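Encoded as structure tokens, the structure appears first; notes follow it.
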Amino acid sequence: MNRSRITFTLNELVYVLNSAADRHLRAKFDLTYSQFLFLVTLMGQNTPTPSFLAECLGVSRAAVSQRLPWFQDRGLVEVSRVTGNGKNLSLELTRKGAELATQSADFLEKEFRALFYNTASVDFDELDETLNRIKQQLIGNREIRNAA
């Protein structure tokens with residue numbers, strides 16, 4: 001396996017980044033990377049149901065439901081009933097939760113970019129654009145395959 005395999009490289013890179021992010025978040029915010037993902041994913045949604053949030057996170061609805069008390073006890077997430085449907089819940093970050101999500105996301109980005117501060121070898125804006133184009137192409141291809 002002497003050939004370049006971008007899928008392996010990307011998976012290894014994601015593993016290394018996620019592990020480092022977990023260490024930094026625990027040290028600075030007493031937050032795991034998994035908890036961070038929960039917050040920032042919720043932040044990007046408009047009062048989702050636990051089922052929709054679970055789909056976004058790639059976990060079961062039960063996994064989201066089991067974690068909610070932790071976030072509620074810390075005043076980070078509010079849970080309410082969906083208007084007109086008493087069975088469904090909606091989730092929303094509190095002001096404290098939104099601040100934690102924003103501060104921790106900004107912190108991680110700053111820490112990552114600081115690793116390459118004096119290096120001109122990586123253009124992060126260009127890399128971000130390229131990765132987003134790849135992601136959109138993969139999503140588009142998946143949708144085409146699902147329709148067939």
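Remember, predicted model here, so these are calculated numbers, not experimental data.
- Residue pairs that meet the salt bridge (Lys or Arg N to Asp or Glu O under 4.0 Å) test with at least one member in residues 103-117, sequence neighbours left out, are E109-R113, R113-D125.
- Among residue pairs with one or both ends in residues 17-27, those qualifying as side-chain hydrogen bond (donor to acceptor under 3.5 Å, both in side chains) are N18-Y33, D22-R26; sequence neighbours excluded.
- Applying the side chain to side chain contact (heavy atoms under 4.5 Å, CB included) criterion to N11, with sequence neighbours excluded, gives no partner residue.
- L10 and Y15 fall into different hydrophobic clusters, where Ile, Leu, Val, Met, Phe, Trp and Tyr residues are linked whenever their side-chain heavy atoms come under 4.5 Å apart, directly or through other members.
- The ring pair (Phe, Tyr, Trp, His ring centres under 6.0 Å) search around F29 returns F107, not counting sequence neighbours.
- Applying the side chain to side chain contact (heavy atoms under 4.5 Å, CB included) criterion to L17, with sequence neighbours excluded, gives L13, F112.
- Remark: E12 pairs with no residue by the salt bridge (Lys or Arg N to Asp or Glu O under 4.0 Å) rule, at least two apart or across chains.
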Cut-off 3.5 Å, no hydrogens considered: what does the side-chain donor-acceptor table look like for residues 90-97, sequence neighbours left out?
from, atom 1, to, atom 2, distance (Å)
S90, OG, S80, OG, 3.0
T94, OG1, G75, O, 2.5
T94, OG1, L76, O, 3.3
T94, OG1, K96, N, 3.4
T94, OG1, G97, N, 3.0
K96, NZ, R74, O, 2.9

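- For the ring pair (Phe, Tyr, Trp, His ring centres under 6.0 Å) condition, the pairs that include at least one residue of residues 59-80, sequence neighbours left out, are F38-F71.
- Under the 4.5 Å side-chain heavy-atom criterion for Ile, Leu, Val, Met, Phe, Trp and Tyr, L108 and V14 are members of distinct hydrophobic clusters.
- Taking the side chain to side chain contact (heavy atoms under 4.5 Å, CB included) definition, one finds that Q136 meets it with I139, sequence neighbours left out.
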Q.
Quick one, R133 with Q137, criterion side-chain contact (heavy atoms from CB on, under 4.5 Å). Give me CA distance, side-chain angles, the key distance, then yes/no.
A. CA-CA 6 Å; R133 283 195 308 270; Q137 182 69 39; over 6 Å; no
Taking only distance into account, with no hydrogens and no angle test, what donor-acceptor pairs under 3.5 Å do side-chain atoms of residues 39-57 form with protein atoms, sequence neighbours excluded?
from, atom 1, to, atom 2, distance (Å)
T41, OG1, L37, O, 2.6
T49, OG1, F52, N, 3.1
S51, OG, R61, NE, 3.2

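- Applying the side chain to side chain contact (heavy atoms under 4.5 Å, CB included) rule to Q72 yields the partners L68, V79; only residues at least two apart in sequence or on another chain are considered.
- In the displayed structure, D30 atom CG is contacted under 6.0 Å by at most 12 heavy atoms of other residues, nucleotides or ligands.
- Contacts of D123 classified as salt bridge (Lys or Arg N to Asp or Glu O under 4.0 Å), with partners at least two apart in sequence or in another chain: none.
- Using a 4.5 Å cut-off on side-chain heavy atoms (C-beta onward), R81 and L89 make contact.
- The CD atom of E129 lies 12.0 Å from the CD1 atom of I134; values are rounded to the nearest 0.5 Å.
- Crowding of I6 atom CD1: a count of heavy atoms from other residues, nucleotides or ligands under 6.0 Å not exceeding 12.
- Both L131 and V122 are assigned to one and the same hydrophobic cluster, defined by single-linkage of ILVMFWY side chains at heavy-atom distances under 4.5 Å.
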